[in-house]
2 protein chains.
Amino acid sequence: MPKRAVTIKEVAERAGLSVTTVSLVFNGKADNIPYATRQKVEQAAAELNYQPNYTARSLVTGKTHTIGVIIPDISNNFFSGMVRHLQTELNKHGYDIILCNSEEQMANDLRYIRWLAGRKVDGLVLILSAESMEEENREKITSLLKETEIPHIFVDRYYHGDAPRVSVDNEWSGRQVAEMLIAAGHKNIGVITGPMCLNSSINRLKGVTSVLSEHGIDLPKENIVYGKYNMISGKEGAAVLLKRNVSVIFAFNDMQAYGVISYLKENGVKIPEDVSVVGFDDDLFSTIVEPKLTTVKQPIMQLSHEICDMILAVVDGKEHERHVKLATQLILRDSVRKLI
Amino acid sequence: MPKRAVTIKEVAERAGLSVTTVSLVFNGKADNIPYATRQKVEQAAAELNYQPNYTARSLVTGKTHTIGVIIPDISNNFFSGMVRHLQTELNKHGYDIILCNSEEQMANDLRYIRWLAGRKVDGLVLILSAESMEEENREKITSLLKETEIPHIFVDRYYHGDAPRVSVDNEWSGRQVAEMLIAAGHKNIGVITGPMCLNSSINRLKGVTSVLSEHGIDLPKENIVYGKYNMISGKEGAAVLLKRNVSVIFAFNDMQAYGVISYLKENGVKIPEDVSVVGFDDDLFSTIVEPKLTTVKQPIMQLSHEICDMILAVVDGKEHERHVKLATQLILRDSVRKLI
DNA sequence: TTGTACGCGTTATCAC
DNA sequence: GTGATAACGCGTACAA
């Protein structure tokens, strides 16, 4: 904090008015104040270069106009893209964000929730660690959230229940991919999931299996590799699935898909001639990798927009949809071979 | 803000003590307070689930323990990696960060600096837009900074002068690349720069030209393409340099390099057989792209560490190095051909 | 239309 | 060792 900030009192003195009047002008409640007076205030403020002290203001209004954002890791492209647009949108509404990276650890989630409660943030946007999303840990998180009483919404990852949330329609997305694959003649399909405590993995898988069974196609357990959302997992999954002679590998995120591609190339497997690959996210690099990756595009801007709307509604105690589920877009590129 | 927060007053009543005593205990100034009393306080606080109100505390202490971070765009991997570690480090010291994306626009830089001044952040970490770094705009930024009196440091991009800053040794890095290239027998070298108002571009180029002239090698003006740090620029640069028959293209960041690679492949130019490529940053994808990209690794964790140290020193008014310049690391992979 | 007085939750100063 | 009391800067009834 600068040592000597200009206070509203000084502005008032300079303008030859009371603090009340000046305050009213600054808060847009100057309907009953003559134009001349208002101008005096503006001028005095400009001359002194007055900046209202938000800390003091927050203390009396009880609002900090700050949203806490807890995410696993901002260096993940999906999260950083989201945070970027969210920050810009929230700023338009006069809010700013305090960013916290949990590094996928529940201990950090808990720590940051408490921390942000002390910071008196008006609301919380939560993408908690996979660890926190495990059913056995649910109680720890929800009870803390209830205790702190901070309005909050879940994004992308959520618990079953009524809590407000914004996500993508993962089951539908899984269905889209499966249908495209079947239409292309694929029957022996391999899947690499993310952590199965995340609804993204659960529902993408559900979508895939539904469609397959609707078409009378079997998805043997051995064709499902349970992994994590990273490259290593993609490589490991590819190693397993290659032995299963699958004609296509559906990785549940693009990082995994890159791992798959690397592994296949290293082992002389041609894509898509020998094995096809599908990803999820539509990361920037998916247009650069060879072959260009067929994947599912997450509507990041729209997500950010919905998150912004919802958290503000929750903070203001307004009516709002409790569960927003957004459509994704299947992006057809060059990594899937048509067998028929 | 939760409607009814537990105040220190209630804790004091519960413990049968004065507010002063309770406050002393919470602030670690309880040297002269008997253990029994301290325990009473702790217990009362625990029972009531007391959380100190930072807003109120800030008002009287004049410190918010918050650092404002202004960057062009968090969805850029270099910035997001930096912010991630910076946030984690600062948190260890009891600070949090307010994140602002300027979207590479000076108007936003100015707006956010004012904004954060009102938020009374203790310090500012600045990676300003390229626009703000242009010499003609320098005055606008620096005068505002002086006016607000917020302690601040520049990161990666800076003005000439005394202001505290953390960056990488770009000239030295440029030299490393040029020497490696010459050792590999390259003589007709093409370069794609970033915005020439950024020291990163200026100094990388300076490093390259120095080494070349030391070796009596010419770098014709036509072999230098002035671009931006993105993929499009890489493609455009590649188109130009291809006509110059260069044996290698040194792109000043990895995104450009990806653009170069795309363009070359699209035009049937083999890498590195026909043309070699070098990047800068060591983005994650550089190990996945084909061929694997030879590039210069930015020491992101170390950068974050230095930024953390410096901003805290500046905030506390402590002695510190004014200009920290970190070494980079040349990562040799598969995109450069040895001609000799 | 404008001014007075009080409270927001804390910490800091000075008595006791 | 502990406890009143006064700030910190601002918003807002209430009074004038």
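Lettering of chains follows the sequences in order, A, B, ..., and the numbering in each one begins at 1. Treat the numbers as computed from the prediction; the structure is a model and nothing was measured.
Summary of helix geometry: the two end axes of the helix from C:dT1-D:dA16 to C:dC16-D:dG1, each defined by five base pairs via their C1' atoms, are inclined to each other by 40° (rounded to 10°).
Among residues two or more places apart in sequence or in another chain, the side chain to side chain contact (heavy atoms under 4.5 Å, CB included) test is passed with B:Asn77 by A:Asn77, B:Ser80, B:Asp283. In this structure, the side chain to side chain contact (heavy atoms under 4.5 Å, CB included) partners of A:Thr37, at least two apart in sequence or on a different chain, are A:Leu17, A:Thr21, A:Ile33, A:Pro34. Residues forming a side chain to side chain contact (heavy atoms under 4.5 Å, CB included) with B:Pro164 (at least two apart in sequence, or on another chain): B:Ile153, B:Met310, B:Val314, B:His320, B:Arg322. Shown here are the ring pair (Phe, Tyr, Trp, His ring centres under 6.0 Å) partners of B:His85, two or more places apart in sequence or in another chain: there are none. Under the rule for a ring pair (Phe, Tyr, Trp, His ring centres under 6.0 Å), the partners of A:Phe154 that lie at least two apart in sequence or sit in another chain are A:His152, A:Tyr159.
Rounded to a whole Å, the NZ atom of B:Lys40 is 11 Å from the C1' atom of D:dT2. Atom P of nucleotide C:dG9 and atom NZ of A:Lys63 are separated by 16 Å, given to the nearest angstrom. Distance CG (B:Leu48) to C1' (C:dG9): 15 Å, rounded to an integer number of Å. To the nearest angstrom, C1' of C:dG9 lies 6 Å from CG of B:Asn53. Put simply, CD on B:Glu10 is 13 Å from C1' on C:dC8, counting in whole angstrom units. Going from atom CG of B:Leu59 over to atom P of D:dA7 covers 14 Å, rounded to whole Å. The nearest whole Å value for the distance from the OH atom in B:Tyr35 to the P atom in D:dG1 is 18 Å. A straight line from OH of B:Tyr54 to C1' of C:dT11 spans 14 Å, rounded to a whole angstrom.
For residues 300-316 of chain B, the set of pairs meeting the side-chain hydrogen bond (donor to acceptor under 3.5 Å, both in side chains) definition, not counting sequence neighbours, comprises B:Glu89-B:His305. Counting only residues at least two apart or in different chains, salt bridge (charged side-chain N to carboxylate O under 4.0 Å, His left out) contacts with residues 33-50 of chain A comprise A:Arg14-A:Glu47.
Taking 4.0 angstrom as the limit, A:Thr37 places a side-chain polar atom (N or O) nearer than this to OP1 or OP2 of C:dT2.
Between the side chains of A:Asp96 and A:Thr66, at least one donor N or O lies within less than 3.5 Å of an accepting N or O.
Each of C:dT1, C:dT10, D:dG9 was ranked by its minimum atom distance to the side chain of A:Pro34; first place goes to C:dT1.
Ion pairing of B:Arg111 with B:Glu103 is absent here, as no side-chain N (NZ or NE/NH1/NH2) approaches a carboxylate O to less than 4.0 Å.
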For nucleotides 11-15 of chain D, which of its nitrogen or oxygen atoms have a protein nitrogen or oxygen under 3.5 Å away, and what is each distance?
{"residue": "D:dG11", "atom": "OP1", "partner": "A:Asn27", "partner atom": "OD1", "Å": "3.4"}
{"residue": "D:dG11", "atom": "OP1", "partner": "A:Arg57", "partner atom": "NE", "Å": "2.6"}
{"residue": "D:dG11", "atom": "OP1", "partner": "A:Arg57", "partner atom": "NH2", "Å": "3.2"}
{"residue": "D:dG11", "atom": "OP2", "partner": "A:Ser23", "partner atom": "OG", "Å": "3.2"}
{"residue": "D:dT12", "atom": "OP2", "partner": "A:Lys29", "partner atom": "NZ", "Å": "3.1"}

